[in-house]
Q: 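Here it is: the structure, laid out below.
Residue numbers run from 1 in the order of the sequence given.
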Amino acid sequence: MATIFEAWQGVLTRIRTAAATSGRPPESVALLAVGKTFPPEALRELYAAGQRDFGENYEQELTAKAAALADLPELRWHFIGPLQSNKTRNVACQAAWVHSVARLKIAQRLAEQRPEHLPPLNVCIQVNVSGEASKSGVAPAELPALAHAVTQLPRLRLRGLMCVPEPDGDDERLTAQFATLRRLKAALQHEGLALDTLSMGMSADLEPAIREGATIVRVGTALFGARTNPDRNPDKE
Ligand SMILES: *Cc1c(COP(=O)(O)O)cnc(C)c1O
C-alpha cells in the first residue's frame, strides 16, 4: 500500500499533468486535502509533507481536529459540508474558507460570528449544477442575487463558486456540469464581482474539473484511502 506521502505525490502529479494538458500553470490549481473520517494523525502526516489546506464536512469533526492540530501554525481549515445555522459559530471561528454557502441566512450568521481579530472569511457559493432535487446548493437562477448580497456582508470575502456534480455522471456529463460552474462565475465577473475561485473536482474527476478551470480540487479518497466508516452522504448532514 502506498504511504500517505506517496499518495500525496501522486495526486500532485495528476494535478500538474492535468494543468499542463490544459495549458495552465501548475500553481493555478490548489490541492485541498479532505480528511473527513480520518484521524488527525493522518492529517498531521500530510502537513509534515508540506500540505497546508485541509477540508472537513462536519462541524463537530472540524472542531475536534482543529483542537488536535492546533500546534500546526500554517494549517488552513476549509469547511466544505452543508452548514446548518446552529453550527455556524465554530466554523466562523476556525475556518479560513467556507466553500458551501448556499443561503443568505448562513452567510449573515458567518459574517456576524467571524471574530474581528481574524482576516475576512473566504467564501464560495455552492451551486446545484446537476439539477438533482436532493442536492445542496443554490439553483443557478438564484445565484446572482445571493452572490451580490453576500458581497455586501462585512468580514466575508466572496471568492467564487463550488459544486459537487452528480456522483455517477460520465465524463461528458461531468464536463458539462463543471463548464456550467465556469460560465456562472464568468457571468458574475461580468457583473463586476471580483471572483478568482472555482472549487470543483474530487478524487475521481479532478482532470475534467481542471480542464474546465478548477482552481481548488477537493481530494479525500486518493490521499487517505477509501472511507471505511459507513460513509455519510457527503452532500447531506
Ligand atoms: C468527501 C468530499 C470530497 C472528497 O471526495 P473524494 O471522492 O474522497 O476525493 C470533496 N468534496 C466534498 C464536498 C466532499 O464531501
Q: Ignoring hydrogens and geometry, is there a side-chain-to-backbone donor-acceptor pair from R155 to P120 under 3.5 Å?
A: no

Q: What's the verdict on side-chain contact (heavy atoms from CB on, under 4.5 Å) for R24 and R211, showing C-alpha distance, side-chain angles and the deciding distance?
A: CA-CA 9 Å; R24 301 180 52 195; R211 275 203 302 276; over 6 Å; no

Q: Over 60° means perpendicular and under 30° means parallel, so classify the ring planes of H99 and H78, tilted if in between.
A: tilted

Q: Between E166 and R173, does at least one N-O distance fall below 4.0 Å, as a salt bridge requires?
A: yes

Q: If we ignore hydrogens and angles and just use 3.5 Å, is the side chain of E56 paired with the main-chain N or O of V34 as donor and acceptor?
A: no

Q: Please check: side-chain N/O of K65 versus main-chain N/O of G35, any donor-acceptor pairing under 3.5 Å?
A: yes

Q: Taking the six-membered ring of F54 (Phe, Tyr or Trp), confirm whether the NZ or CZ of R76 is under 6.0 Å from its centre and within 45° of its axis.
A: no

Q: Among V98, L69, V91, whose side-chain contact (heavy atoms from CB on, under 4.5 Å) with W77 holds?
A: L69

Q: Is the backbone N or O of A209 less than 3.5 Å from a side-chain atom of D205, with the two atoms forming a donor-acceptor pair by type?
A: no

Q: Give a yes or no on whether the backbone of L31 and the side-chain of Q51 come within a donor-acceptor separation of less than 3.5 Å.
A: yes

Q: Please answer whether the main-chain N or O of A92 pairs with a side-chain N or O of R114 as donor and acceptor at a distance below 3.5 Å.
A: yes

Q: Does the side chain of E41 come within less than 4.5 Å of E45's, by heavy atoms?
A: no

Q: Considering all heavy atoms of both residues, which atom of I125 and which atom of A147 are nearest to each other, and what is their separation?
A: CD1-CA, 3.5 Å

Q: Does N128 reach the main-chain N or O of V138 with its side chain, forming a donor-acceptor pair under 3.5 Å?
A: no

Q: Run the side chain to side chain donor-acceptor pair (under 3.5 Å) test on S136 and Q126 for me, step by step, so that the C-alpha distance in whole Å, both residues' side-chain angles and the decisive distance to 0.1 Å come before the verdict.
A: CA-CA 7 Å; S136 312; Q126 183 173 355; 4.7 Å; no

Q: So that I can tick it off, tell me whether R218 and D53 are bridged by a salt bridge, with the cut-off set at under 4.0 angstrom between side-chain N and carboxylate O.
A: no

